[in-house]
Amino acid sequence: MAAMEDEKASSSNSTPILPKPRRLKGHTDSTSCCIASRDRPGVIVTSGEDGRVCWFDMRCKDLSQLLMDVSTEPVSSLCFKPGNEDMIYVSSGKEIKCFDVRLANREWKPLESYNYNKEEINQITCNSKSSFLAAADDGGEVKIIDIRHQCLYKTLRAGHTSICSSVQFLPWHSWEVISGGLDSTLLKWDFSKGRPNKVADFGLIDVSSSTGGQCLNPAFIHAIAVPEVDMLDKLDKVCAVARGDGVVNVINIESEMNAMKSKSSSNLRKRSQPRSKDGRSTSNVDPDQNGKKRLHLDYSLGGHTAAVSALTFSMFGERGKFIISGGNDKLVKVWNWSSYPDAGLSDSNNAILHLNINVTHKVNHLCTTPADTDNLILCDTSKVVKVYSIT
């Protein structure tokens with residue numbers, strides 16, 4: 001019956017039907033995370049609530065080419081070791097394990113194991129130089145692990161007041177990470193010093209930037225994404241934020257920090273956009289004090305009606321052209337966000353929401369590949385990984 005599920009895609013121009021997604025099988029429970037190899041095109045790695053890691057090759061049949069039962073607990077996150085994708089890091093519970101896929105065996109024994117987090121880990125990520133690994137946890141902390149010397153480098157604490165859900169290294173600053181949490185705050189850290197700087201507090205700005213029809217959940221940060229270093233010339237130093245109220249924000253990090261510094265010495269500034277009768281902003285572009293724009297991709301533009309749980313910058317075609325988001329509303333949105341400044345504040349959403357994909361389960365995670373086809377990988381609350389072709 002599952003194979004007969006009707007998964008359709010619609011855009012604001014028409015209602016095309018996407019080909020049925022490929023269905024990758026190997027997990028026995030909900031899938032939690034997916035990553036795509038850059039060194040080996042077509043290789044996908046996924047993790048699940050079953051404690052398993054599955055390796056797939058898009059050139060082969062839709063069955064896992066390699067099964068790794070790495071934990072008795074759910075696997076929450078995984079990442080490659082940049083420069084050596086035979087090495088993979090996996091988080092499960094409070095532990096991080098490192099495996100070498102070349103040492104295939106029935107019983108997978110980790111080459112390295114780290115138990116520095118005191119609470120369950122939500123996300124791990126490795127920096128581009130393969131020197132540090134960051135782990136965000138339920139205690140609101142981020143552990144920075146020196147993976148060359150296999151030791152704890154720094155604990156980033158006293159920043160988040162609730163669960164830290166997501167963390168990313170900033171490719172333009174080798175000693176900085178950015179983190180988001182269920183306290184609705186986005187923080188930038190100099191992890192050599194362990195000091196946080198608040199980038200944005202979406203709990204404060206939510207009242208003025210909400211629009212009619214938006215869901216009323218708090219603006220918790222469920223996921224963040226930053227461009228890769230080779231995208232920076234076109235995309236600038238931005239961060240995409242997936243929020244619990246169904247909004248996707250794209251912000252300029254440096255500009256937001258300057259705005260936060262100004263706010264700390266004065267009352268929350270009044271916005272200059274025209275207001276509707278109920279006091280809400282009628283614009284989806286919020287300029288900060290430096291004139292930079294914060295994109296606000298919400299329900300009024302055809303966005304999500306429930307919490308956004310995952311998002312990423314596209315790797316296919318013109319890299320970074322699209323932001324792809326998935327949510328608890330069982331929808332995947334492909335945003336042509338890079339054309340937004342050119343589109344201005346037109347009443348038409350055609351240039352912004354490129355594609356809308358109805359799926360059959362809540363989205364847990366997604367990633368993209370550089371390929372022309374089979375380039376969107378989707379993990380959801382089912383045990384089957386879906387693969388779509390986006391153009």
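These figures come from a predicted structure and were not determined experimentally.
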Looking at I324, is its backbone amide N or carbonyl O close enough to the side chain of T312 to form a donor-acceptor pair, meaning the two atoms are under 3.5 Å apart? no

Please report the closest heavy-atom contact between [X] and [Y], naming both atoms and the distance.
| X | Y | result |
| --- | --- | --- |
| D39 | P41 | O-CD, 3.6 Å |
| H27 | S47 | CE1-C, 3.4 Å |
| V70 | K97 | O-NZ, 2.8 Å |
| S76 | S91 | OG-OG, 2.7 Å |
| D100 | W108 | O-CZ3, 3.7 Å |
| V226 | P171 | CG2-CD, 4.1 Å |

Counting only heavy atoms not in [X] (residues, nucleotides, ligands), do more than 12 fall under 6.0 Å from its [atom1]?
| X | atom1 | answer |
| --- | --- | --- |
| R102 | CZ | yes |
| K81 | NZ | yes |
| N84 | CG | yes |

Partners of E141 by side chain to side chain donor-acceptor pair (under 3.5 Å), sequence neighbours excluded? K143, R157

Hits for side chain to side chain donor-acceptor pair (under 3.5 Å) against R52, two or more places apart or cross-chain, chain-then-number order -> D69

Go through it in stages, so that I can follow the logic: the residues are S325 and W335, the test is side-chain hydrogen bond (donor to acceptor under 3.5 Å, both in side chains), and I'd like the CA-CA distance, side-chain angles, deciding distance and then a yes or no. CA-CA 8 Å; S325 60; W335 301 96; 3.1 Å; yes

Centre-to-centre under 6.0 Å for [X] and [Y], is that the case here?
| X | Y | result |
| --- | --- | --- |
| F322 | H354 | yes |
| Y89 | F99 | no |
| F169 | W189 | no |

Residues in side chain to side chain contact (heavy atoms under 4.5 Å, CB included) with C126, at least two apart? C79, P82, I147

Check whether the side chains of [X] and [Y] place a donor and an acceptor atom closer than 3.5 Å, and report yes or no.
| X | Y | answer |
| --- | --- | --- |
| S32 | H365 | no |
| R243 | N249 | yes |
| D137 | N122 | no |
| N117 | K94 | no |
| S37 | E85 | yes |
| S92 | S71 | yes |

Spatial distance of atom [atom1] ([X]) from atom [atom2] ([Y]) [nearest 0.5 Å]:
| X | Y | atom1 | atom2 | value |
| --- | --- | --- | --- | --- |
| I96 | Y114 | CD1 | OH | 8.5 Å |
| I352 | S300 | CD1 | OG | 8.5 Å |
| N358 | L331 | CG | CG | 5.0 Å |
| S166 | I221 | OG | CD1 | 9.0 Å |
| I144 | T155 | CD1 | OG1 | 9.0 Å |
| K193 | K154 | NZ | NZ | 10.5 Å |

Quick one: do [X] and [Y] make a salt bridge, cutoff under 4.0 Å?
| X | Y | value |
| --- | --- | --- |
| E176 | K188 | yes |
| D86 | R40 | yes |
| D62 | R22 | yes |
| K386 | D380 | yes |

Can you tell me how the ring of F191 sits relative to the ring of W175, calling it parallel under 30°, perpendicular over 60° and tilted otherwise? tilted

